[in-house]
Amino acid sequence: MHDGPSQISLTFPDGNARQYATGITPADIAADISTSLAKKAISADVNGTHWDLQWPITEDAQIAINTMKDDAPALELIRHDLAHIMARAVQEIWPEVKVTIGPVIDNGWYYDFDREEPFTPEDLGRIEARMKQIIAARDPVRTELWPREKAIEHYRGTHEPYKIELIDAIPEDQPVRMYWHGDWQDLCRGPHLQHTGQVPADAFKLMSVAGAYWRGDSARQMLQRIYGVAFKTRDDLKKYLHMLEEAAKRDHRKLGREMDLFHMQEEAPGQVFWHPNGWSIYTTLQGYMRRKQRAGGYAEINTPQVVDRKLWEASGHWDKYQHHMFIVEVDESRDGETDDAAVRDKAQTRINALKPMNCPCHVQVFNQGLKSYRDLPLRLAEFGSCARFEPSGALHGIMRVRGFTQDDAHIFCTEDQIQEECARFIDFTADIYRELGFPDFEIKFATRPEKRVGSEASWDYVEGALENAIKAVGRDYTLEPGDGAFYGPKLDFYLTDAIGRVWQCGTFQVDPNLPERLGATYIAPNGEKTRPFMLHRATLGSFERFIGILIEEHAGKLPFWLAPRQVVVATIVSEADDYAAEVVAALRAAGIRAETDTRNEKINYKVREHSVAKVPVILALGHREVEDRTVTLRRLGEKQTRVEPLAETVAALATEATPPDQR
RNA sequence: GCUGCUGUAGCUCAGUGGUAGAGCACUCCCUUGGUAAGGGAGAGGUCGACAGUUCAAUCCUGUCCAGCAGCACCA
């Protein structure tokens, strides 16, 4: 059966090599080393491949035996075996349920089932109880390689159509691997544990059930996906559940309500009603970005929101993006008509769309007047309000909305200037992220997709320019082959927040296509009309989304300069009211957002209320402060208070309130 | 958009086939209290919308709208 040598040499992590008969399994090797290792072993690493203890080894290799002490393989196996154990439990309770796939994901696993009836939360409890029985039974796990015909035949017999489809996707020449957990069988590439009892019975939890398309294809069957989380110990599970609770407390939708930042309502789904507090954050951030862009060589412009379809047809959006656009039909015959009834009697309808992007309008600005190569690079920036008809299921608080404002800009430049502009933009963006408290970010470099326009030479050149730019500014990147836009490659910038979540914010895209479609030209040194390149770029992405990220990153406790109410001056006795007004006036004169709280409430009450509202500084005033012209300062989250002279406090807070670019 | 769940006072949530309740918030009164909720009284709801079943619907059924989770989407 084996063509290879009858003896193989396996090298262990300590460097020792030993000879074994070919076809030996890691289980045999572990048993050969010691009985305790044989018991503790969970899997092996063979030449870097995660290897089931039951799989034979047929060639020389580096080998390491894994135990539960090895985190990565242990978690992988626990979660993967739990996927199978859960599927087994489900089929034992409801034999008619069809199984599909059940991979390991971050912190756990899921398994997709085809079942008529929806799984209920009570069902999850039943399944979990059954899983614990299966674990307690310590059922052996075994595996075999089957010829594909036999496997297909088997699944025809058990009426598992999804499994047959999975086998069809396996290359013809490969046998099919089967696994058994006790008597329950599943198609699986493995590896797995030795028996179900190796799974910690108290360190997993079924979390939720949700729909998911078979093979991720929205045209195909909707399945029911059950999510579970699993760890090595009960403590780790508890920690994870606690972390989820903490994340829920940071939810910008909850904090937005508590801090009175914004609201949304059903008459305007996916659009934000900004309240004074929220709008204060927005305008502060926008002011900051405006200064940064000016310093970065951008000229700010503003363009229309409602634009005739002709422009969208010319730009190509009408063909490719119409399903995402808000279309506005206006009866032009009513022009000058004041009688509403007459207006309804349409004669002539003009079709407009709310702009989903600013780029076509920016080209219109570029196209006004003749441009010279001396004008390039021309950097046009707009805080552009866009509307996109996002699918209802995609909406999420202010993070994914239908109406939003981008910190958008388009750089018109020559091919030679792309690299320099890209490098400038990366530095520009890195500087802003650092000042806003996100020093670490990741750049993803998306290269030419299969469906694309433009010559290979042009793609080669532009991709090279971006890559050189990233290297020139000394950044790392990850490659996303084939993920670029049809017209050009792009860089996407990802921030990681305080609890490890990743957010896509900045973007930089090279586009030779739109200038072509919209007829943008400049006069080159040789006197010829020449096509410029257009670079689409954004740093924050959208203000809405970025503010959502800031809220969640800081759990509502925004940096002082961004906080909507920076200081509340709270009186302890009403005799301090006049002094409180004076203090607030002094703070406001120094550019600080301050308010008085002279309500007839105890200081405890006021402190609690403003703390809950995340006001960074509370100044308490009683008889003593009035007498001494001092303030008692308390910072959010600190119990300690400090008594300071008024003038000193105002000066210190004024410094602290200075935006990072003006320090 | 798809699957499932949810929609009751400003917020968080109970509840019932005979048109509703709590806590907090709000208003007023008492209290002037030194750093995370002082006391009392009061006001506040077309029970998401529209149909249907019923003598009677907030409750049952259907459709729609919105929200939540996941999937798909995010040229």
Side-chain angles (χ1 to χ4, degrees), chain A residues 105 110 112-115 117-121 123 207-227 248 251 253-254 257-258 260 263-270 315-317 319-325 356-357 359 388-397 399-401 449 451-453 483-488 490 492 504 507 509 511 513-514 536 541-542 545 570-577 598-613 618-625 632-643:
Chain A
I105 52 174
Y110 66 76
D112 288 348
F113 300 98
D114 185 6
R115 178 188 182 219
E117 295 290 303
F119 290 110
T120 64
D123 290 342
M207 300 297 284
S208 61
V209 51
Y213 298 109
W214 169 235
R215 316 218 93 186
D217 182 347
S218 61
R220 306 200 62 180
Q221 176 79 22
M222 175 66 78
L223 306 169
Q224 294 189 65
R225 173 172 298 177
I226 302 179
Y227 284 90
D251 191 313
R253 293 165 299 189
K254 181 176 143 74
R257 200 164 38 238
E258 289 172 0
D260 195 16
H263 84 273
M264 304 177 93
Q265 63 186 51
E266 54 177 270
E267 287 80 358
S315 70
H317 289 91
D319 271 352
K320 293 222 169 83
Y321 206 69
Q322 196 182 151
H323 60 288
H324 271 298
M325 289 160 72
M357 297 170 194
C359 23
R388 293 184 189 171
F389 188 71
E390 297 286 352
S392 57
L395 302 179
H396 179 83
M399 300 285 218
R400 184 87 182 264
V401 285
K451 278 190 185 172
R452 60 179 178 266
V453 296
D483 248 15
F486 69 89
Y487 47 73
K490 63 172 178 176
D492 284 324
Q504 204 251 110
T507 189
Q509 300 183 21
D511 182 4
N513 182 59
L514 200 59
H536 308 255
S542 88
R545 181 176 166 76
T571 52
I572 297 165
V573 292
S574 48
E575 283 93 333
D577 287 3
T598 56
R599 290 175 304 170
N600 176 16
E601 296 291 350
K602 291 196 169 189
I603 191 66
N604 290 342
Y605 183 92
K606 294 181 182 181
V607 164
R608 175 182 152 75
E609 190 172 283
H610 301 305
S611 298
V612 167
I618 297 170
L619 299 181
L621 306 182
H623 291 297
R624 294 202 298 266
E625 288 79 5
T632 297
L633 184 148
R634 178 192 164 115
R635 285 191 182 269
L636 180 57
E638 294 177 11
K639 264 198 115 56
Q640 204 65 32
T641 60
R642 286 211 318 270
V643 181

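Residue numbers start from 1 in every chain, and the chains themselves are labelled A, B, ... in the order their sequence lines are given, proteins ahead of strands.
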Under 3.5 Å, is there a donor-acceptor pair between the side chain of [X] and the main chain of [Y]?
X: A/Gln224; Y: A/Glu117; answer: yes
X: A/Lys606; Y: A/Thr571; answer: yes
X: A/Arg452; Y: A/Pro449; answer: yes

Nucleotide opposite [N] in a Watson-Crick or G-U pair, distances under 3.5 Å:
N: B/G4; answer: B/C68
N: B/C60; answer: B/G52
N: B/U12; answer: B/A22
N: B/U35; answer: none
N: B/U46; answer: none
N: B/C28; answer: B/G40
N: B/C74; answer: none

N/O-N/O pairs, protein side and nucleotides 25-27 of chain B side, under 3.5 Å:
unit_1	atom_1	unit_2	atom_2	d
B/A25	OP1	A/Tyr605	OH	3.1

N/O donor-acceptor pair, side chain A/Thr641 with base B/U35, under 3.5 angstrom: no

Taking atom [atom1] in both [N] and [M], what distance in whole Å separates the two?
N: B/U6; M: B/C74; atom1: P; result: 31 Å
N: B/A37; M: B/C26; atom1: P; result: 15 Å
N: B/C55; M: B/U46; atom1: P; result: 28 Å
N: B/U58; M: B/G48; atom1: P; result: 10 Å
N: B/U3; M: B/C64; atom1: P; result: 11 Å
N: B/U63; M: B/G23; atom1: P; result: 39 Å
N: B/A49; M: B/A57; atom1: C1'; result: 15 Å
N: B/A75; M: B/C68; atom1: C1'; result: 29 Å

From CA spacing to verdict: side-chain contact (heavy atoms from CB on, under 4.5 Å), A/Arg634, A/His610: CA-CA 11 Å; A/Arg634 178 192 164 115; A/His610 301 305; over 6 Å; no

Footprint string (nucleotides 65-75 of chain B, 5' to 3'): B base within contact, S backbone only, - free, heavy atoms under 4.0 Å: SSSSSBBBBBB

Pair A/Val612-A/Glu258, side-chain contact (heavy atoms from CB on, under 4.5 Å): steps then yes or no: CA-CA 8 Å; A/Val612 167; A/Glu258 289 172 0; 5.5 Å; no

Please report the distance, rounded to the nearest Å, between [atom1] in [X] and [atom2] in [N].
X: A/Gln224; N: B/U3; atom1: CD; atom2: P; value: 12 Å
X: A/Asn604; N: B/U32; atom1: CG; atom2: C1'; value: 13 Å
X: A/Phe113; N: B/G4; atom1: CZ; atom2: P; value: 17 Å
X: A/Glu258; N: B/C11; atom1: CD; atom2: P; value: 12 Å

Applying a 4.0 Å non-hydrogen cut-off, can you work out what [X] is touching in the nucleic acid: base, sugar-phosphate, or nothing?
X: A/Lys639; value: sugar-phosphate
X: A/Gln322; value: nothing
X: A/Thr632; value: base

side-chain contact (heavy atoms from CB on, under 4.5 Å) between A/Ile105 and A/Tyr227, intermediate numbers included: CA-CA 9 Å; A/Ile105 52 174; A/Tyr227 284 90; 3.8 Å; yes

Residue whose closest nucleotide on RNA chain B lies nearer the 5' end, A/Arg257 versus A/Leu633: A/Arg257

Which nucleotide in B/C11, B/U35, B/G34 has an atom nearest any side-chain atom of A/His623: B/G34

Verdict with supporting geometry, A/Leu514 and A/Met357, side-chain contact (heavy atoms from CB on, under 4.5 Å): CA-CA 12 Å; A/Leu514 200 59; A/Met357 297 170 194; over 6 Å; no

Note: A/Arg215-A/Asp217 ion pair, threshold 4.0 Å (strictly below): no

Spatial distance of atom CD (A/Gln640) from atom CZ (A/Arg635) [nearest 0.5 Å]: 13.0 Å

Atom pair CZ/CE of A/Arg253 and A/Met264 - distance to nearest 0.5 Å: 10.0 Å

Set of residues satisfying side chain to side chain contact (heavy atoms under 4.5 Å, CB included) with respect to A/Ser392, sequence neighbours excluded: A/Arg402

